[in-house]
Amino acid sequence: MDLTNFSAIADEHAARLKAIDPLLPAPGDLPEDTGSVLTAEANGSAGLGVLSCEKTPADAPGAQWRALVEHRLDLRLAGPDPGTALGLLLEKWQERLAESGTARGDWETAAVVIRPSRDSTGAGELLRHGFAPVRVVAVRPAERHGRGPRQTPGVAVRTATRGDLANVVELLLELQHYDAQFGVATVRESTERALTAEVEEVLAHDEPPLWIAEVYGKALGVARVQLPPSSDWAKIYIDQTARPKIGYLTSLNVAEQARSTGVGTALAAHAHQVFDTEGVSHALLHHALANPRSTPFWYAQGYRPMWTYWYRRPGVR
């Protein structure tokens, strides 16, 4: 394959992904600066890898869900053997990372490859280079939404108020600590402070998109969503030609003593009813793939994986 024809490689890559998953958006344009593009060719196949690096302050909103320094490789693969081309790109990327001054063994660094979940091409190469599938963006089309929440005996879902601040922060911190086991979240000294500020901002709204699940009067669950236009940022994950209206399920957690009792299902059903009321066509969320609770739970609620984040953390070992 002609490795100099970047547009042909990108076009074939886009066509292959569209056939795998029609909901996928078209890949972004390649940068004009070819210095940030790695290339590889093998067995009549070719690969392009666009390099980028994102740095996040420890006290920034959402910092608890990522490493503070994330090196990313955005792929374009074409030809009959794209997996081999991917392996060569990963080797070249490793060399670049080693030369970049990234500290070896620093847990606050990560190498990240975000791939369509249904594109398993080259998964073995990622594993051989120390990557693991850690995080997923899951989607739930509107036709999968139910006709309203089912009633769970003893469970009442209500809008959170300013008086719920401490309970909400406690529940979200519990979620952070649980997901930290799977490499998704990082609990830092600043985490509780950042979460408290974030929840205070949400609760300042007259009708915050944040709900409490009470079990016989005791707050044991929390769910938060984003609705358009606040959720418009999530449109990057989905094809825009059908003009989708996106809702984003920011977080849902149930206190440990109340898990597997229907509280989570009641909260999810309530969130989906809100999405239906707002005319949302697709609900999106992130979850930890290795979490033995969230993965089966969300797919039982009608979600399916759309994007998989492959992590190597630390970024350089």
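FYI, side chains are in, hydrogens and waters are out, and symmetry mates aren't considered; it's all heavy atoms of this structure.
- L252 is not connected to V199 by any chain of hydrophobic side-chain contacts under 4.5 Å among Ile, Leu, Val, Met, Phe, Trp and Tyr, and they are in different clusters.
- Around atom CD of E170, no more than 12 heavy atoms belonging to other residues, nucleotides or ligands sit under 6.0 Å away.
- Checked by atom type, the side-chain pair Q176/R188 shows no donor-acceptor distance below 3.5 Å.
- Ion pairing between K55 and E70 fails under the 4.0 Å rule for side-chain N and carboxylate O.
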_Working for side-chain contact (heavy atoms from CB on, under 4.5 Å), residues V155 and Y216_ = CA-CA 7 Å; V155 178; Y216 298 109; over 6 Å; no

*For F182 and V134, what are the C-alpha separation, side-chain angles and deciding distance, and is it a side-chain contact (heavy atoms from CB on, under 4.5 Å)?*
CA-CA 7 Å; F182 313 111; V134 171; 5.5 Å; no

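- Once rounded to the nearest 0.5 Å, the distance linking CD1 of I114 with CG of D74 reads 8.0 Å.
- Under the 4.5 Å side-chain criterion, counting only non-hydrogen atoms from C-beta, S45 is not in contact with L77.
- Contact of the V184 side chain with the W65 side chain is registered, since non-hydrogen atoms from C-beta on lie closer than 4.5 Å.
- Connection of L249 to L171 is not established within any shared hydrophobic cluster, with ILVMFWY side chains joined at heavy-atom distances below 4.5 Å, either directly or through further cluster members.
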*Are L284 and I246 close enough, and set up right, to give a side-chain contact (heavy atoms from CB on, under 4.5 Å), and what steps lead you there?*
CA-CA 7 Å; L284 295 175; I246 304 299; 3.8 Å; yes

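- Between D179 and R293 there is no salt bridge, since no side-chain nitrogen of the basic residue lies less than 4.0 Å from a carboxylate oxygen of the acidic one.
- When every heavy atom of V263 is checked against every heavy atom of A213, the shortest pair comes out as CG1-CB, 3.6 Å.
- Between the side chains of S36 and R96, not a single donor N or O lies within less than 3.5 Å of an accepting N or O.
- In this structure, the separation between OG on S230 and NE2 on H205 is 7.0 Å, given to the nearest 0.5 Å.
- Atoms CG and CZ, from L127 and R312 in turn, are 12.5 Å apart once rounded to the nearest 0.5 Å.
- Checked by atom type, the side-chain pair H270/W211 shows a donor-acceptor distance below 3.5 Å.
- Heavy atoms only, all atoms of each residue included: P208 and T159 are closest at O-CG2, 3.7 Å.
- Tracing side-chain contacts under 4.5 Å through hydrophobic residues (I, L, V, M, F, W, Y), one reaches F297 starting from V136; they form part of the same cluster.
- In terms of heavy atoms, Q301 sits closest to A268 at OE1-CB, 4.1 Å.
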*asked:* As a quick check of understanding, evaluate side-chain contact (heavy atoms from CB on, under 4.5 Å) for Q240 and I238, giving each step before the final call.
replied: CA-CA 6 Å; Q240 291 299 295; I238 199 164; 3.5 Å; yes

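- Here the two rings, on W310 and F131, have centers that are 6.0 Å apart or farther.
- The hydrophobic cluster containing W307 also contains L23, counting ILVMFWY residues as joined when their side-chain heavy atoms lie under 4.5 angstrom apart, directly or transitively.
- Taking the six-membered ring for Trp, H282 and Y303 have ring centres at least 6.0 Å apart.
- When side chains are defined from C-beta on, L175 counts as touching S251, because their heavy atoms get closer than 4.5 Å.
- Note on L73 and V316: same hydrophobic cluster, where clusters join Ile, Leu, Val, Met, Phe, Trp and Tyr whose side-chain heavy atoms are under 4.5 Å apart, directly or indirectly.
- Counting non-hydrogen atoms of neighbouring residues, nucleotides and ligands closer than 6.0 angstrom, the CD atom of Q257 exceeds 12 such neighbours.
- Looking at Y248 and H286, their side chains do bring a donor and an acceptor atom within 3.5 Å of each other.
- Closest approach of G83 to T121, counting heavy atoms only: N-CG2, 3.6 Å.
- Residues T84 and D81 have side chains that bring a donor and an acceptor to within less than 3.5 angstrom of each other.
- Counting only heavy atoms from C-beta outward, the side chains of T295 and H287 approach each other to under 4.5 Å.
- V222 has its side chain within reach of L210: a pair of non-hydrogen atoms, C-beta onward, lies under 4.5 Å apart.
- For the pair E54/R66, a side-chain contact is recorded, criterion being any heavy-atom separation below 4.5 Å from C-beta on.
- Residues A271 and V225 approach most closely at CB-CG1, 3.8 Å, considering heavy atoms.
- Of the inter-residue distances, the one linking E192 atom CD with L195 atom CG reads 8.0 Å to the nearest 0.5 angstrom.
- Contact annotation: the side chain of N43 never approaches that of P80 to less than 4.5 Å [non-hydrogen atoms, C-beta and beyond].
- Of all heavy-atom pairs between R72 and W93, the closest is C-CZ2, 3.7 Å.
- We find that R76 and E12 are not joined by a salt bridge, their nearest charged nitrogen and carboxylate oxygen being 4.0 Å or further apart.
- Residues S117 and D119 have side chains that never bring a donor and an acceptor to within less than 3.5 angstrom of each other.
- Separating the OG1 atom in T186 from the CG atom in L68 is a distance of 7.0 Å, to the nearest 0.5 Å.
- Within the model, atoms CG of L38 and CG of L89 stand 6.5 Å from one another, a figure rounded to the nearest 0.5 Å.
- Paired with H71 under the rule side-chain contact (heavy atoms from CB on, under 4.5 Å), one option of V113, V112, T102 passes, and it is T102.
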*asked:* Before you tell me yes or no, could you show the steps for E41 and K92 under salt bridge (Lys or Arg N to Asp or Glu O under 4.0 Å), namely the whole-Å CA-CA distance, both residues' side-chain angles and the distance that decides it to 0.1 Å?
replied: CA-CA 12 Å; E41 187 174 15; K92 291 185 175 183; over 6 Å; no

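- At distances below 3.5 Å, at least one donor-acceptor pair connects side-chain atoms of K245 with backbone N or O atoms of E278.
- Looking at D106 and T109, their side chains never bring a donor and an acceptor atom within 3.5 Å of each other.
- Two residues are said to be in side-chain contact when any heavy atoms from C-beta on lie closer than 4.5 Å; N253 and R224 fail this criterion.
- When the shell of 6.0 Å around CD of Q181 is examined, it contains more than 12 heavy atoms from other residues, nucleotides or ligands.
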